[in-house]
Protein chains: 4
Amino acid sequence: MSNKEFSRSEDSKNRILLAAAEIFSHKGLDGARVDDIARSAEINKRMIYHYFGSKENLYVEVLRHNYNKINDLGQETYIPGDDPMENAVRALRSYFYFLASDEQFVRLVSWEALNRGRFGSKVLPQFLELTQANLGEIIHEGIEKGVFRADLDIRQVLLSIHSLCLVYFTRRELVQHMWSRDMMSEDMLESRLQHVIDFVFNGILTHREDCVNDSN
Amino acid sequence: MSNKEFSRSEDSKNRILLAAAEIFSHKGLDGARVDDIARSAEINKRMIYHYFGSKENLYVEVLRHNYNKINDLGQETYIPGDDPMENAVRALRSYFYFLASDEQFVRLVSWEALNRGRFGSKVLPQFLELTQANLGEIIHEGIEKGVFRADLDIRQVLLSIHSLCLVYFTRRELVQHMWSRDMMSEDMLESRLQHVIDFVFNGILTHREDCVNDSN
Amino acid sequence: MSNKEFSRSEDSKNRILLAAAEIFSHKGLDGARVDDIARSAEINKRMIYHYFGSKENLYVEVLRHNYNKINDLGQETYIPGDDPMENAVRALRSYFYFLASDEQFVRLVSWEALNRGRFGSKVLPQFLELTQANLGEIIHEGIEKGVFRADLDIRQVLLSIHSLCLVYFTRRELVQHMWSRDMMSEDMLESRLQHVIDFVFNGILTHREDCVNDSN
Amino acid sequence: MSNKEFSRSEDSKNRILLAAAEIFSHKGLDGARVDDIARSAEINKRMIYHYFGSKENLYVEVLRHNYNKINDLGQETYIPGDDPMENAVRALRSYFYFLASDEQFVRLVSWEALNRGRFGSKVLPQFLELTQANLGEIIHEGIEKGVFRADLDIRQVLLSIHSLCLVYFTRRELVQHMWSRDMMSEDMLESRLQHVIDFVFNGILTHREDCVNDSN
DNA sequence: AATGAATGAGTATTCATTCAT
DNA sequence: AATGAATGAATACTCATTCAT
């Protein structure tokens, strides 16, 4: 009984976690209601306390579960000997589409930022590090190989790339309202990504193009 | 008699607004407590309802009050005949330091984004437009004068610039934890701004510099 | 100054009383709001406390003021030597139209009944006595003259007449809904009154008619 | 298991309803306090909101519950072929003693009348109709059989009978004060009922009984 | 392992009343 | 005589959590 793939209890616990993740991501810790989570998980409220002890604790578990998603990310995009630019583009694309695909993650991370890590940040590993360790190395390599400018502060660059990807999703509603386009359509996603890549490599000044165009 | 500098009631209303802004910005709408606001404003809770009707309404007024801050911003930085780059740098600097100086604004806007404009976005003008109308025109002008690349999608550029400035503040805690420096110190602020400016104009690729160097 | 017809203060006091009467009559003591009364009287709330001391006290004054209206009633309808039936009809008509004309009175008296005289009945004279002292004597006289049945319990008759008139007004809404006619129109009022008179004198049995018809 | 006589929740819900009925009937919607109801029902206040949603809603349920009592009334008093007068007396007696036995009902209905059906009348069927459909038919039948006068407006008669019964209870306190007798004693109740019956059938004029044409 | 019912401490909101001028 | 601003105590309603089974 206990060694089925998923015991009944594992299943319940999971249902709670998924329902909670969804609701916390939409409403935040303070806005979420334990009753709503229970209803959405189709489970008795009491079970939440049985498995997780408290709302706060459940929230932390939801965070942990989401932060783990990052581990699945980006490792496979790095091809050791390859051109740093190629590697960077792959990493960037991988990160961008990860954010695009997982609204829940993006929102949870944002709530957490606003709550100044009331819970998550103290208990959990800093996810930014995880995210960008990879990209950090690529850039470092690119600088060493002379492909990227030597005067760059890698941390600033990482933060900037992070920003360029993230805000497209965190301010989606507002921007959507201004652009009146479906910002999550394939087209729009891809053009944002292209813009970001271009922006990261070229900036906005004209004379660049003279140099870069031919190599492009 | 009634038009003294500030009537007593104006003063009370203001105290409430300021206290509320501070608390809402820290805890969000759901996390804030009316009692805390009253205590912080050193006023009877009843007056909050007298002047604002409800917690929600008070929140909307706080948003309105904050969004208005943008109007005071950036207009004076634009010098008509000047070099678009100079104008852009000034606008960027002005926006960056506005965000740096007003944590409250940054946080309120972020809560609002997460709440998908539960209140603000319906009632209030889209603040992003206001913010960047200015910068938008500068870039447009820059493109026409051939200073900026003609193939730019201005909206994407605006969003990118917005992102590069904003995230430094919205993720301050997390980044601070990684960089272990006081991110709000004059030094750090200025180097972030320099990075952003440089990033916007030059991107990260090496060869640019070769072209740009002479003009630099 | 103080011996004008109505000093300013008298006027304010009156405005409060009238506004309060209207609001108490509509919403009852518990449902009425001091703020509403002040607003309706176009006076500062503080004045209510100045003149009346408390909401409860104001309510009592409103009751007193209304109960006094009864004094203006019915005395003039009684013609000493006249046929008791004529006198009774006149008294009945007078009472019925008094109720018809003064919804406020009817409602206040009804609230008071439901509140089991939480205030009014202990402080104020029993208005039923006042109302019907007159009619009581007429019936008494009618019995002595052999016009009315000798076996009547006058108190029961008075209560019955009172009921027949009153309920038409106290249940107006409900009845109106069933009858779908404007129950306060001249027509409807008069036919109710005629019914009551007829009912009081004749009851509903047929055989009466044999006797009465021809004389009619 | 779940269909025991009364599940625990049914029992709680019922306790709330009964306590609320009692308190609402005494104090009205505005005068009643949710805390009092909870205390009286010996239950946690929260359960009131769990089962009924709001004070107002609970009030409506109390009304519904009370209005339903009418359904249990009067049907069995009607004997098809019987003398209309007998049937009428039975119906009248049944209604009169129903009111006598259920102060709660009488008071709730009265509050509702004063509140002009703020809630009840919109949500619930018109109870007057229900009450008197029965009596209405009896009178109709009586008229057809020539027992009751043909010129009667049945609706007026119904309202009159209603009035004669009702006011004895709605103005109980005031009348009691005047009559100084226990108006709810068996004796007094029965004599009021006899008076009403007599009054309805005979009115107050003398000649009727003898069929006294000549004195007219 | 699971559940329906219950709870106490909180939380927004309202109200009659009073203060300062 | 009058007012605008302020207050404390209540009041309706909510929420995370626990009890009994």
Worksheet item: Got a sec? Which of residues 43-53 of chain D come in under 4.0 Å of DNA chain F, heavy atoms?
Response: D/K45, D/R46, D/Y49
Worksheet item: Heavy atom of residues 16-25 of chain A under 4.0 Å from DNA chain F: which residues?
Response: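 Those residues: none at all.
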Discussion item. Return the pairing partner of F/dT14 with a 3.5 Å limit on both distances, Watson-Crick or G-U wobble; otherwise return none.
Written reply: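 With both distances under 3.5 Å, F/dT14 matches E/dA9.
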Item to complete: Scan every strand shown for a Watson-Crick or G-U wobble partner of E/dT21, both distances under 3.5 Å, and answer none if you come up empty.
Response: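 F/dA2 - that is the nucleotide pairing with E/dT21, both distances being under 3.5 Å.
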Side-chain heavy-atom pair [X], [Y] within 4.5 angstrom cut-off:
{"X": "A/E61", "Y": "A/H65", "result": "no"}
{"X": "D/R118", "Y": "D/D30", "result": "yes"}
{"X": "D/F24", "Y": "D/L58", "result": "yes"}

Quickly work out the [X] [atom1] to [N] [atom2] distance and round it to whole Å.
{"X": "D/D11", "N": "F/dA20", "atom1": "CG", "atom2": "P", "value": "17 Å"}
{"X": "D/R39", "N": "F/dA10", "atom1": "CZ", "atom2": "P", "value": "12 Å"}
{"X": "D/I37", "N": "F/dT11", "atom1": "CD1", "atom2": "C1'", "value": "12 Å"}
{"X": "A/Y59", "N": "F/dT17", "atom1": "OH", "atom2": "P", "value": "15 Å"}
{"X": "B/K55", "N": "E/dT11", "atom1": "NZ", "atom2": "C1'", "value": "8 Å"}
{"X": "D/D30", "N": "E/dT14", "atom1": "CG", "atom2": "P", "value": "14 Å"}
{"X": "C/D36", "N": "E/dT14", "atom1": "CG", "atom2": "P", "value": "13 Å"}
{"X": "C/D35", "N": "E/dT18", "atom1": "CG", "atom2": "P", "value": "14 Å"}

Worksheet item: Charged N to carboxylate O below 4.0 Å: is that the case for A/D11 and A/R15?
Response: yes
Worksheet item: Charged N to carboxylate O below 4.0 Å: is that the case for D/K13 and D/E10?
Response: no
Discussion item. Here's a test for you: under side chain to side chain contact (heavy atoms under 4.5 Å, CB included), which of D/D102, D/L108, D/V106 qualifies with D/S25?
Written reply: D/L108
[X] side chain near [N] phosphate (N/O to OP1/OP2, under 4.0 Å):
{"X": "A/S12", "N": "E/dA2", "answer": "yes"}
{"X": "D/R33", "N": "F/dA10", "answer": "no"}
{"X": "D/S9", "N": "E/dG4", "answer": "no"}

Worksheet item: DNA chain E: D/E42 or B/E56, which has the more 5' nearest nucleotide?
Response: D/E42
Worksheet item: Quick one: do the D/E173 and D/H177 side chains pair a donor with an acceptor below 3.5 Å?
Response: no
Fill in: Side-chain donor/acceptor of C/K55 to backbone N/O of C/I48, under 3.5 Å
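Pair absent, no side-chain N/O of C/K55 close to backbone of C/I48.
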Discussion item. Base, sugar-phosphate or nothing for B/A32? Non-hydrogen atoms, less than 4.0 Å.
Written reply: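 It contacts sugar-phosphate atoms only.
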Discussion item. Are more than 12 heavy atoms, taken from residues, nucleotides or ligands other than B/H50, located less than 6.0 Å from that residue's NE2 atom?
Written reply: no
Discussion item. Nearest 0.5 angstrom please: D/L114 CG to C/K27 NZ, how far?
Written reply: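 D/L114 atom CG to C/K27 atom NZ measures 14.0 Å (nearest 0.5 Å).
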